[in-house]
Novice: 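I have a structure I would like to understand better, so I am pasting it below and will then ask my questions one at a time.
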Amino acid sequence: MPDPIHFPNETQSNAVRETIGRKEPVALRTFTPSQAVLAKSAGSFHWTSEGRRLYDYSSGVLVANLGHNPRRWMQRFADYLGWQPDHLAGDGEGDYFEAVTLTAYNAITEIEARAVERLLGSIQASPGGSRLDTVMWAASGSEAVQKALWACLHADRNREMIIATRHGFHGKKGLAGAVTGSEDDPDRDPRVRFISFPREEIDDAAKYGQEIDLSRYEAELELLYSELGTRINCLITEPYLGGGGSYHPPNSYMQLLERFCRERDILLILDEVQSNFGRTGKMYAFEKYGVEPDFVCLGKGLGNGVPVSATVGRGDIIASLKYGEASDTWSANPLACAAVLATLDEFESTDVLANGERLSTIFFEGLERLKETGLITKVRGEGMVFGIECADAGEMPAGDVANAIVEACYLGEDRSDGIHLLGPLAERVLRVSPPMTMTESEARESLELLYKIIQKLAATLT
Ligand SMILES: Cc1ncc(COP(=O)(O)O)c(C=O)c1O
């Protein structure tokens with residue numbers, strides 16, 4: 001195992017890094033050179049064990065859309081679970097208090113029924129959500145993807161083939177792993193075939209809004225259909241390539257996929273694990289792209305930090321799964337349902353989407369400005385999720401530049417405020433996805449800080 005990352009003058013953080021680094025496998029995390037130790041968080045900020053403040057440019061990994069530990073969300077979450085302040089204060093009346101159970105395997109709860117009704121209400125009220133009438137809960141994004149694919153494959157066992165879009169990310173486990181990446185993997189599940197997702201034509205915000213030539217993508221789809229015909233069961237894609245490097249296609253590409261599916265009775269699964277709950281500007285990305293999927297996979301922001309995911313889709317297809325075929329310990333647990341309810345409450349009663357829209361303009365401008373430093377060459381994004389692509393700096397390859405930026409942002413200017421970034425995607429792309437509740441002044445201040453840090457780094461590298 002590599003030696004744990006250490007930074008000078010971070011005694012407490014280094015002790016935590018030592019424990020984790022020696023007693024957990026590095027495989028549990030993607031490499032991030034800062035290995036930040038987060039002691040506490042509020043809103044758009046984390047604080048390290050040494051008390052240094054970091055602007056959070058990741059929201060976990062697009063999870064805390066509403067910011068960290070939002071007071072009103074937390075109050076609602078506690079209320080849904082029946083937790084009262086005096087429960088924990090302890091009034092000497094026994095070791096237990098009456099509240100909603102935390103676990104209800106093979107039973108059902110009132111809170112689950114409320115969460116199902118509310119989630120379906122939200123989805124079906126959104127343009128494009130009319131086919132989505134049944135909720136299949138899960139605990140992680142990859143499980144939601146796996147369950148959607150199970151349902152489709154069970155519904156018609158004569159149609160065993162799945163189409164996925166190349167360089168997508170749907171998770172690492174089971175069928176979710178099988179539809180991730182590309183055919184380059186020699187152990188690829190033979191049921192999965194890949195088609196291209198636009199990248200070169202839309203590799204910078206300057207190219208957005210230009211129509212792209214779809215004929216190449218049409219031809220690929222036709223070729224696959226001529227080979228596989230009615231063996232094709234379903235097509236799964238992300239609204240935008242997230243883990244694959246932040247590529248946001250024009251609506252016409254998504255609409256092409258939808259048309260191809262509709263005309264051939266192929267099920268369309270949209271993996272919104274990363275984009276749901278406002279990230280692309282709308283509550284659900286299918287609204288933004290003007291398509292009507294048969295299934296959406298939800299996760300991450302769905303619970304604002306409590307692990308919960310769901311596949312929401314066509315009940316007639318999901319009904320092919322018999323008792324127990326999609327069950328597990330954590331699906332539909334009351335804690336998760338309370339989190340979904342509290343998150344829906346916030347989205348439905350505040351201006352978080354409008355705030356995200358305002359922030360989006362500020363971030364596009366601030367990130368574009370980074371090109372002046374010479375270390376950033378391309379900026380991509382929509383709503384409140386961006387990818388900034390790093391350039392080579394002299395002898396240093398772009399991937400190393402990206403890691404150097406992550407580290408410099410963590411250390412901040414003169415070791416005061418820093419910025420928490422995820423390690424690079426697709427080797428050279430840095431994800432920027434702060435909470436959508438960030439204030440405009442926090443956005444401007446943090447972008448100014450980012451500019452200064454990258455400019456200073458550029459001076460040392462070039
Ligand atoms: C689009 C998409 N689908 C699925 C997943 C997998 O989610 P999880 O890591 O919760 O299994 C991710 C995670 O990043 C994702 O971005």
Side-chain angles (χ1 to χ4, degrees), residues 27-32 57-65 136-150 162 164-182 192 194 197 199 234-249 254 257 268-280 284-286 288-289 291 293 295-313 326 328-331 333 336 339-340 343 380-387 421-426 429-433:
L28 263 184
R29 286 172 189 84
T30 51
F31 176 69
T32 306
Y57 265 28
S58 73
S59 303
V61 54
L62 301 112
V63 170
N65 290 348
M136 200 161 27
W137 297 105
S140 67
S142 29
E143 289 170 288
V145 171
Q146 168 106 343
K147 288 184 183 185
L149 290 166
W150 277 343
I162 303 167
T165 41
R166 202 170 286 127
H167 308 301
F169 185 78
H170 301 283
K172 292 174 188 155
K173 301 172 213 101
L175 275 178
V179 293
T180 285
S182 74
V192 183
F194 291 90
F197 195 98
R199 292 199 299 172
C234 54
L235 186 155
I236 181 163
T237 187
E238 291 171 88
Y240 61 88
L241 284 193
S246 239
Y247 292 91
H248 300 258
M254 280 295 147
L257 299 187
L268 176 62
I269 307 171
L270 201 57
D271 176 355
E272 291 212 22
V273 165
Q274 181 166 136
S275 53
N276 60 194
F277 281 40
R279 269 292 154 190
T280 60
Y284 303 98
F286 61 74
K288 148 68 189 50
Y289 287 96
V291 293
F295 290 88
V296 284
C297 304
L298 311 177
K300 295 189 189 283
L302 177 63
N304 207 59
V306 171
V308 55
S309 69
T311 281
V312 185
D328 45 57
T329 307
W330 297 116
S331 292
N333 79 84
V340 171
T343 308
R380 300 187 279 274
E382 66 186 314
M384 271 300 281
V385 51
F386 307 88
L421 285 168
L422 300 172
L425 307 167
V429 178
L430 294 172
R431 156 77 72 248
V432 174
S433 53

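Read the numbers this way: they start at 1 and go in the same order the structure lists the ligands and their atoms. The basis for the numbers below is simple: all heavy atoms, side chains too, and nothing from hydrogens, waters or symmetry mates.
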Novice: Leu149 versus His170: any side-chain heavy-atom pair under 4.5 Å?
Specialist: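 The answer is no, as the side chains (C-beta and beyond) never meet within the 4.5 Å cut-off.
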
Novice: What do you reckon, does Gly141 have a nitrogen or oxygen under 3.5 Å from a nitrogen or oxygen of ligand 1?
Specialist: yes

Novice: Does the side-chain contact (heavy atoms from CB on, under 4.5 Å) test come out yes or no for Ser309 and Val273, once each step is laid out?
Specialist: CA-CA 8 Å; Ser309 69; Val273 165; 5.8 Å; no

Novice: Check the orientation of Phe277 and Tyr284. Use parallel for under 30°, tilted for 30 to 60°, and perpendicular for over 60°.
Specialist: perpendicular

Novice: Identify the protein heavy atom lying closest to atom 2 (C) of ligand 1, giving its residue, its atom name and the separation to 0.1 Å.
Specialist: Phe169 O, 3.3 Å

Novice: Which ligand 1 atoms are under 4.0 Å away from a heavy-atom of Gln274?
Specialist: 16 (O)

Novice: Do the side-chain N and O atoms of Ser275 and Lys288 include a donor-acceptor pair separated by under 3.5 angstrom?
Specialist: no

Novice: Under 4.0 Å from atom 9 (O) of ligand 1, is there any protein heavy atom?
Specialist: no

Novice: Numbering the atoms of ligand 1 from 1, which are under 4.0 Å from a heavy atom of Glu238?
Specialist: 1 (C)

Novice: Who are the salt bridge (Lys or Arg N to Asp or Glu O under 4.0 Å) partners of Arg166, not counting sequence neighbours?
Specialist: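 With sequence neighbours excluded, Arg166 shows a salt bridge (Lys or Arg N to Asp or Glu O under 4.0 Å) to Glu183, given in chain and number order.
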
Novice: Under a 3.5 Å cutoff, is there a donor and acceptor pairing between the side chains of Lys173 and Ser142?
Specialist: yes

Novice: Who pairs with Arg431 by salt bridge (Lys or Arg N to Asp or Glu O under 4.0 Å), at least two apart in sequence or on another chain?
Specialist: none

Novice: Looking only at protein heavy atoms, which one is nearest to atom 14 (O) of ligand 1, and what is the separation?
Specialist: Lys300 NZ, 2.9 Å

Novice: Please list the nearest protein heavy atom to atom 11 (O) of ligand 1 with its residue and the distance rounded to 0.1 Å.
Specialist: Ser142 OG, 2.5 Å

Novice: Considering the heavy atoms of Ser140, write down every atom of ligand 1 situated less than 4.0 Å from one of them.
Specialist: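 In order of number, 10 (O), 11 (O).
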
Novice: Any heavy atom of Asp271 sitting closer than 4.0 Å to ligand 1?
Specialist: yes

